[in-house]
Amino acid sequence: MKINAVELRVLKMRLLKPFRTSFGVQQDRYPLLVRLEIDGRSQWGECVAGEGPWYSYETVETAWQVLKGYLLPAVIGRDLQNVDALETLFAPVRGHHMAKACIEMALTAALAEHARKPLAKFLGGVRDRVETGVSIGIQSTVDELLESIGASLAQGYRRIKVKIEPGWDVMALGAVRERYPEITLMADANAAYGLDDADHLAQLDRFGLLMLEQPLAAGDLVDHAALQRQMRTPICLDESIESARDARQALQLGACQVINIKPGRVGGFAESRRIHDIAANAGVPVWCGGMLETGIGRACNVALATLPNFRLPGDISASDRYWAEDIVEPPFTLQRGGTVSVPTRWGLGVRVKVDLVERLTVRREMISA
Ligand code: OSB
Ligand code: MG
């Protein structure tokens with residue numbers, strides 16, 4: 001397969017509700033999309049980089065520059081029979097896994113289409129629906145939090161993740177547990193704490209959380225291991241795991257008992273698969289995180305979550321939790337048992353609404369040889 005050219009676009013899309021985490025509030029999302037011209041057809045992909053360098057050092061702007069300046073010149077016009085060839089060409093660029101991932105995932109979808117398989121089957125998936133949950137942002141009041149959880153449960157979601165930060169943790173989760181003693185509940189701190197907070201965080205043990213996601217800074221594997229020794233709640237790593245090497249070292253250190261895999265964060269499907277296998281061999285479950293994706297990135301996440309060691313519900317909510325109108329057809333909808341169905345069409349499995357994408361585009365550029 002040959003990538004003849006790549007179109008980069010940034011869209012502007014308003015989230016239905018502002019999303020607040022320990023690193024800030026987001027109301028508008030500016031997804032970076034790529035459209036590969038490959039063997040005479042178009043293959044869409046999505047980069048998960050955020051608008052500012054909060055969750056990661058990567059941003060929409062850095063991804064655009066690294067794609068345009070380094071990654072795309074290395075691959076445009078080359079014959080690529082598989083993803084290994086792409087990874088080899090990308091290897092000289094240090095980091096920037098989000099920029100790399102959007103091309104890797106788009107190429108994989110194109111290879112799946114070429115092999116006349118749905119992406120999930122092409123990846124080796126074993127499920128036709130995936131379990132999902134919701135990620136609930138930091139609210140102004142406990143009443144609003146309880147209301148938001150109630151609404152999600154009423155819609156059929158079965159796992160609730162609550163964003164926390166210092167000042168919005170023990171009290172908020174205590175109120176949730178009092179109202180909903182039985183729900184599958186977890187918390188995500190997005191790196192808002194330090195090891196000095198270990199005693200405070202250990203108070204979360206009494207809430208029977210499924211896990212505590214990324215309590216400490218991304219680089220603090222050793223401190224996560226120390227914290228895990230001081231609390232019963234399983235620690236899950238998100239920001240800390242950018243590669244299979246990170247996963248291997250985190251597990252060796254005892255820094256976590258669960259891993260959140262976002263293919264867009266780790267460089268794509270191939271690296272996700274490596275992390276999946278390392279975790280499986282260690283008896284550690286993984287689940288698929290989300291980055292407020294459009295239907296394009298969501299289709300990739302759904303496909304990945306069909307692999308066997310994705311044993312916990314993902315942050316893969318339905319399209320209507322984020323967008324008034326998704327840019328793919330059909331949109332992702334919530335099915336019985338709090339699941340999302342895996343597309344069965346070849347390749348990415350959803351059709352991109354090109355006219356809508358066109359209307360939402362705020363920046364575009366064609367990169368060719
Ligand atoms: O930490 O998992 C996270 C969204 C943006 C950046 C980081 C995270 C999140 C979420 C939302 O929690 C997950 C989703 O529903 O897409
Ligand atoms: Mg997270």
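In what follows, residues are counted from 1 in the order of the sequence shown. Numbering of ligands and ligand atoms starts at 1, following listing order.
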*Is Arg29 salt-bridged to Glu51, cutoff N-O under 4.0 Å?*
yes
*asked:* Using a strict threshold of under 4.0 Å (side-chain N to carboxylate O), is an ion pair present between Arg9 and Glu7?
replied: yes
*Roughly how far, to the nearest 0.5 Å, is NZ of Lys68 from CD of Gln65?*
8.5 Å
*asked:* Which protein residues come within less than 4.0 angstrom of ligand 1, counting heavy atoms only?
replied: Phe19, Tyr55, Ser135, Lys161, Lys163, Asp188, Asn190, Glu213, Asp238, Lys262, Gly290, Met291, Leu292, Asp315, Tyr322
*Does Arg364 pair with Glu358 as a salt bridge, N-O distance under 4.0 Å?*
yes
*Among side-chain atoms of Thr339 and Arg129, is any donor-acceptor pair under 3.5 angstrom?*
yes
_salt_bridge(Arg363, Glu365) N-O dist < 4.0 Å_ = no
*How many protein N, O or S atoms are found at a distance of less than 2.8 Å from the Mg ion (ligand 2)?*
3
_Side-chain donor or acceptor of Thr21 paired with backbone N/O of Phe23 under 3.5 Å_ = yes
*Is Asp188 salt-bridged to Lys161, cutoff N-O under 4.0 Å?*
yes
*asked:* If the threshold is 4.0 Å, N to carboxylate O, is there a salt bridge linking Asp246 and Arg265?
replied: no
